[in-house]
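Please read the structure below before turning to the comments.
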Amino acid sequence: MTPDQRHRCMAAIRSRDTRPEMIVRRFLHARGLRYRLSDRRLPGTPDIVLKKYRTVVFIDGCFWHGHEGCSQFKMPKSNSDFWRHKINMNIARDYRANVELRLLGWRVIRVWECEISTVAKREQRLEALYRQIINPEYAPCAQQSTAADPAAPYDTPR
């Protein structure tokens with residue numbers, strides 16, 4: 001691709017109403033959950049806000065949010081300084097939003113694009129998401145940590 005073609009492709013990527021977001025929203029709605037979309041009053045403007053359960057859900061694209069260890073995240077070779085900075089700033093913003101939301105008493109759940117990319121993965125992850133929303137103590141055994149979460153608990157020295 002020429003730089004101009006790549007610019008047009010990247011500029012055309014939307015931040016709201018993305019395919020992964022629509023998949024999650026349709027699933028939750030079909031399960032009877034009602035929610036608000038992109039509530040700007042909350043830190044980080046969560047994609048889905050379930051006020052009844054004090055839970056917010058972010059649906060993150062693996063590339064844009066720097067999903068480590070994911071096949072869909074690969075640092076671009078051209079203009080790499082720009083992309084490294086941009087993705088690191090997104091990760092830092094996600095981390096800050098997680099902390100602020102938790103301090104306000106919200107539970108934060110992140111769904112990665114790669115977790116719902118195939119039908120088999122999608123069914124498993126969405127069922128786990130539903131149980132996680134309904135039952136706060138539920139912790140799926142296969143859930144990955146997010147790039148926005150610290151590698152160690154806050155109270156342990158690194």
Side-chain angles (χ1 to χ4, degrees), residues 1-25 27-28 35-50 53-118 121-122 124-126 128-129 132-133 136 138-158:
M1 284 186 159
T2 67
D4 190 46
Q5 288 173 325
R6 182 169 315 280
H7 176 75
R8 274 185 275 133
C9 286
M10 295 306 263
I13 297 172
R14 298 172 295 166
S15 62
R16 292 199 178 136
D17 300 331
T18 62
R19 185 174 173 270
E21 190 176 330
M22 296 304 291
I23 290 168
V24 173
R25 284 167 36 185
F27 176 83
L28 294 178
Y35 47 81
R36 292 202 178 273
L37 299 176
S38 304
D39 192 342
R40 302 197 89 206
R41 295 171 293 182
L42 293 174
T45 312
D47 297 316
I48 297 173
V49 179
L50 297 129
Y53 299 99
R54 287 292 284 178
T55 301
V56 297
V57 179
F58 289 93
I59 297 103
D60 291 340
C62 296
F63 173 76
W64 297 102
H65 296 268
H67 191 194
E68 287 296 322
C70 176
S71 63
Q72 294 182 19
F73 172 65
K74 183 179 176 187
M75 190 63 68
K77 287 185 173 52
S78 62
N79 206 4
S80 59
D81 289 338
F82 167 81
W83 287 110
R84 188 175 299 103
H85 176 71
K86 180 169 186 57
I87 291 167
N88 286 337
M89 293 304 289
N90 287 349
I91 292 169
R93 187 186 65 231
D94 292 344
Y95 177 77
R96 186 176 61 246
N98 277 5
V99 170
E100 290 175 7
L101 286 164
R102 288 178 180 151
L103 289 173
L104 292 172
W106 290 88
R107 286 187 303 132
V108 179
I109 301 172
R110 290 198 179 265
V111 177
W112 290 101
E113 176 185 18
C114 65
E115 293 178 324
I116 57 175
S117 60
T118 65
K121 285 185 191 179
R122 182 180 311 149
Q124 185 179 13
R125 178 61 178 121
L126 293 178
L129 172 66
Q132 213 173 354
I133 292 168
Y138 175 77
C141 55
Q143 183 173 354
Q144 305 165 349
S145 66
T146 67
D149 283 341
Y154 296 111
D155 56 350
T156 58
R158 292 182 188 226

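- Residue Leu104 comes nearest to Arg54 through the heavy atom pair O-NH2, 2.6 Å, listed as atom of the first residue, atom of the second, then distance.
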> Hey, mind stepping through Val56 and Leu50 against side-chain contact (heavy atoms from CB on, under 4.5 Å) and telling me if it holds?
Replying inline: CA-CA 6 Å; Val56 297; Leu50 297 129; over 6 Å; no
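- Summarising the geometry of Glu113 relative to Cys62, their closest heavy-atom pair is OE1-N, 3.2 Å, with the distance given to 0.1 Å.
- No close placement of the Phe58 and Trp112 rings is indicated, their centers lying 6.0 Å or farther apart.
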>> One pair to check against ring pair (Phe, Tyr, Trp, His ring centres under 6.0 Å): Phe73 and Trp64. What are the steps and the verdict?
In response: CA-CA 8 Å; Phe73 172 65; Trp64 297 102; over 10 Å; no
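- Pairing each heavy atom of Pro46 with each of Leu101, the nearest pair is CG-CD1, 4.4 Å.
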>> Between Asp47 and Val57, is the side-chain contact (heavy atoms from CB on, under 4.5 Å) condition met? List the steps.
In response: CA-CA 6 Å; Asp47 297 316; Val57 179; 6.0 Å; no
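- The local environment of CE in Met22 is crowded, with over 12 non-hydrogen atoms from other residues, nucleotides or ligands closer than 6.0 Å.
- Smallest separation of non-hydrogen atoms from Asp81 and Arg84: OD1-NH1, 3.3 Å.
- Looking at residues two or more places apart in sequence or on another chain, you find no salt bridge (Lys or Arg N to Asp or Glu O under 4.0 Å) involving Arg36.
- Contact record, Ile59 with Pro20: CG2-CB, 3.7 Å, taken as the closest heavy-atom pair.
- Residues satisfying the salt bridge (Lys or Arg N to Asp or Glu O under 4.0 Å) test with Asp60, not counting sequence neighbours, are Arg110.
- Looking only at distances, a side-chain donor or acceptor of Tyr35 sits under 3.5 Å from a matching main-chain atom of Arg25.
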